[in-house]
There are 2 protein chains.
Amino acid sequence: MGRPALLSQDDFIAAATLVAARLGPAKTSIAAVSKAAGVPTGSIYHRLPSRDALLAEIWLAAADRFQAMALAAFAAASSIEAAAEAALVTSRFARAHHAQAVVLNSHRREEFVTADAPQEHRERAIKLAAELREAMTDIAARLLPGDPRGKERIAVALIGIPLGAVRVFLPQAVPPQEIDADIEAAVLAALRH
Amino acid sequence: MGRPALLSQDDFIAAATLVAARLGPAKTSIAAVSKAAGVPTGSIYHRLPSRDALLAEIWLAAADRFQAMALAAFAAASSIEAAAEAALVTSRFARAHHAQAVVLNSHRREEFVTADAPQEHRERAIKLAAELREAMTDIAARLLPGDPRGKERIAVALIGIPLGAVRVFLPQAVPPQEIDADIEAAVLAALRH
DNA sequence: GATATATTAGAATATATATTCTAATACTTC
DNA sequence: GAAGTATTAGAATATATATTCTAATATATC
């Protein structure tokens with residue numbers, strides 16, 4: 001087995017996520033993560049092959065978690081009203097997982113999953129995007145049948161609007177509870193105006 | 001006078017903005033900008049003291065332009081309905097100035113105006129933020145008098161929602177004309193639900 | 001037309017930081 | 001308790017790229 005690691009892989013990625021949320025991807029250096037997590041720089045290369053792999057892991061951990069919550073919420077929504085409520089998943093996620101929300105919300109995916117990330121990580125990111133697009137198509141067919149702009153409107157309403165509302169508060173603060181009513185009203189209006 | 005520059009300062013910043021929109025701030029190297037603008041690397045240091053100054057110039061040029069448009073639009077809005085129409089300034093800006101919209105919309109300000117940017121640039125960014133906050137306060141007092149959450153709702157509705165809606169399409173595409181009706185309906189609902 | 005000057009041009013250097021390497025260490029299994 | 005191994009630990013090296021430097025060049029002014 002060998003000497004035990006100071007941190008589990010999950011705890012290590014969580015520590016790295018805090019650094020990424022605070023400093024942004026460009027300043028998320030191996031030295032900064034090493035210091036914040038309390039592990040030597042060399043040890044990081046026992047876990048991961050490169051800095052690009054680390055940045056990708058940070059993003060994928062956040063995206064996996066958000067997407068699981070979001071797809072579950074949307075899958076259960078069988079009416080426009082239910083979908084507007086499900087859209088609150090974005091602000092709820094931001095309250096529960098602030099650093100991961102900052103990573104997902106305040107940066108482009110490409111800043112974390114770069115062209116130099118390992119092929120495996122790139123593919124996971126592509127797969128997540130495809131799954132999300134597929135879910136949007138399903139919801140559009142269910143809630144806005146016959147609307148040629150259905151998919152676009154679903155994306156704007158269920159993803160774009162909540163994202164933008166939350167972003168007003170990130171990264172400094174957590175989005176206040178009260179904005180959920182504003183978001184729900186806005187999403188509803190975008191879906192049925 | 002000396003030898004004339006290949007590019008005006010504005011054209012140079014415009015070329016750098018295209019690079020920043022395409023590659024993101026982290027990959028906006030002096031070499032990449034130099035190649036894209038067609039000016040030698042050394043010349044860049046005749047114009048600006050450092051890469052951090054260049055990134056700040058890119059962001060400030062975009063922010064100056066957007067803020068001028070936005071404040072003008074909001075200043076003229078004397079009703080909630082007019083404000084909802086004025087909120088379309090965000091999508092209109094994205095159609096007219098795609099690269100600058102990507103810079104402003106898809107990244108955190110701190111990635112462009114870093115801690116190492118010249119003091120003068122940092123101050124300009126702070127001043128812009130203060131002006132915007134002041135404008136939001138004014139609009140809240142005018143359109144939602146007596147609402148203790150007025151300022152927060154104005155920020156979510158007039159900035160957050162349009163930003164998020166546009167972001168669904170950036171950076172790959174320009175936001176389609178048709179989403180403006182969705183945005184207007186959503187903003188209106190967020191302001192008067 | 002000569003002089004001064006700002007810029008071009010790109011090579012040389014400096015610097016930051018990603019990655020590798022050597023040795024020591026703490027656990028598991030036999 | 002001995003052997004094997006994964007990790008700690010951090011110094012050494014490599015690499016990328018920001019910055020500086022030297023020389024040449026094109027324009028304006030006198």
Side-chain angles (χ1 to χ4, degrees), chain A residues 1-17 19-20 22-59 110-122, chain B residues 1-17 19-20 22-59 110-122:
Chain A
M1 277 286 116
R3 182 173 180 169
L6 290 172
L7 255 57
S8 71
Q9 182 76 350
D10 283 357
D11 287 349
F12 171 68
I13 296 298
T17 299
V19 174
R22 185 147 31 84
L23 305 182
K27 289 269 170 71
T28 299
S29 63
I30 295 291
V33 170
S34 150
K35 190 179 164 193
V39 306
T41 61
S43 297
I44 292 178
Y45 288 90
H46 280 277
R47 300 172 181 269
L48 296 163
S50 68
R51 175 176 177 268
D52 287 281
L54 169 62
L55 290 176
E57 289 276 356
I58 290 170
W59 193 89
E110 290 77 15
E111 302 279 314
F112 282 97
V113 185
T114 69
D116 296 328
Q119 184 65 14
E120 173 212 340
H121 293 94
R122 308 263 306 290
Chain B
M1 277 285 115
R3 181 172 178 170
L6 291 172
L7 255 55
S8 71
Q9 183 76 350
D10 283 357
D11 287 350
F12 171 68
I13 296 299
T17 299
V19 174
R22 185 147 30 85
L23 304 182
K27 289 268 171 72
T28 300
S29 63
I30 295 291
V33 170
S34 150
K35 190 179 163 192
V39 306
T41 61
S43 297
I44 292 178
Y45 289 89
H46 280 276
R47 300 171 181 268
L48 296 163
S50 67
R51 175 176 177 268
D52 287 281
L54 169 61
L55 291 176
E57 289 276 355
I58 290 170
W59 193 89
E110 290 78 15
E111 302 277 316
F112 281 98
V113 186
T114 70
D116 296 328
Q119 184 66 14
E120 174 212 338
H121 292 93
R122 308 262 306 289

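Lettering follows sequence order; numbering is per chain, from 1. In what follows, every heavy atom counts, from backbone to side chain, and hydrogens, waters and symmetry copies are set aside.
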Taken to the nearest whole Å, CZ/B:Arg51 to P/C:dT17 is 11 Å
Between A:Gly42 and B:Pro40, the residue closer to the 5' end of DNA chain C by nearest nucleotide is B:Pro40
Between C:dT7, C:dA18, D:dT19, which nucleotide has the shortest distance from any of its atoms to the side chain of B:Ala5?
-> C:dT7
Mind checking A:Ser50 for me? I need base, sugar-phosphate or nothing, with any heavy atom below 4.0 Å counting as a touch.
-> sugar-phosphate
Separation of atom NE2 in B:His46 from atom C1' in D:dA24, rounded to whole Å = 12 Å
Whole angstrom is fine here: how far is it from CG in B:Leu6 over to P in C:dG10?
-> 11 Å
Compare the minimum distances between each of C:dT7, D:dA18, D:dA11 and the side chain of A:Thr41, then state the nucleotide with the smallest one.
-> D:dA11
What's the NZ-P distance between A:Lys27 and D:dA18, to the nearest Å?
-> 13 Å
Mind checking whether A:Val33 and A:Thr41 have side chains closer than 4.5 Å, heavy atoms only?
-> no
Is the backbone of B:Thr28 close enough, under 3.5 Å, to the side chain of B:Arg51 for a donor and an acceptor to pair up by distance?
-> yes
Starting at atom OH of A:Tyr45, determine the distance to atom P of C:dA18, rounded to an integer number of angstrom.
-> 6 Å
Mind calculating the distance between CD1 (B:Ile44) and C1' (D:dT17) to the nearest angstrom?
-> 12 Å
When we call it a touch if two heavy atoms are under 4.0 Å apart, what does A:Ser43 touch: a base, just sugar-phosphate, or nothing?
-> base
Side-chain contact, heavy-atom cut-off 4.5 Å: B:His46 with B:Val39?
-> no
Set of side chain to side chain donor-acceptor pair (under 3.5 Å) partners for B:Glu57, sequence neighbours left out = B:His121
B:Asp116 CG to C:dA16 C1', in whole Å, measures 12 Å
Quick one: A:Gln9 CD to D:dT7 C1', roughly how many Å, whole number?
-> 13 Å
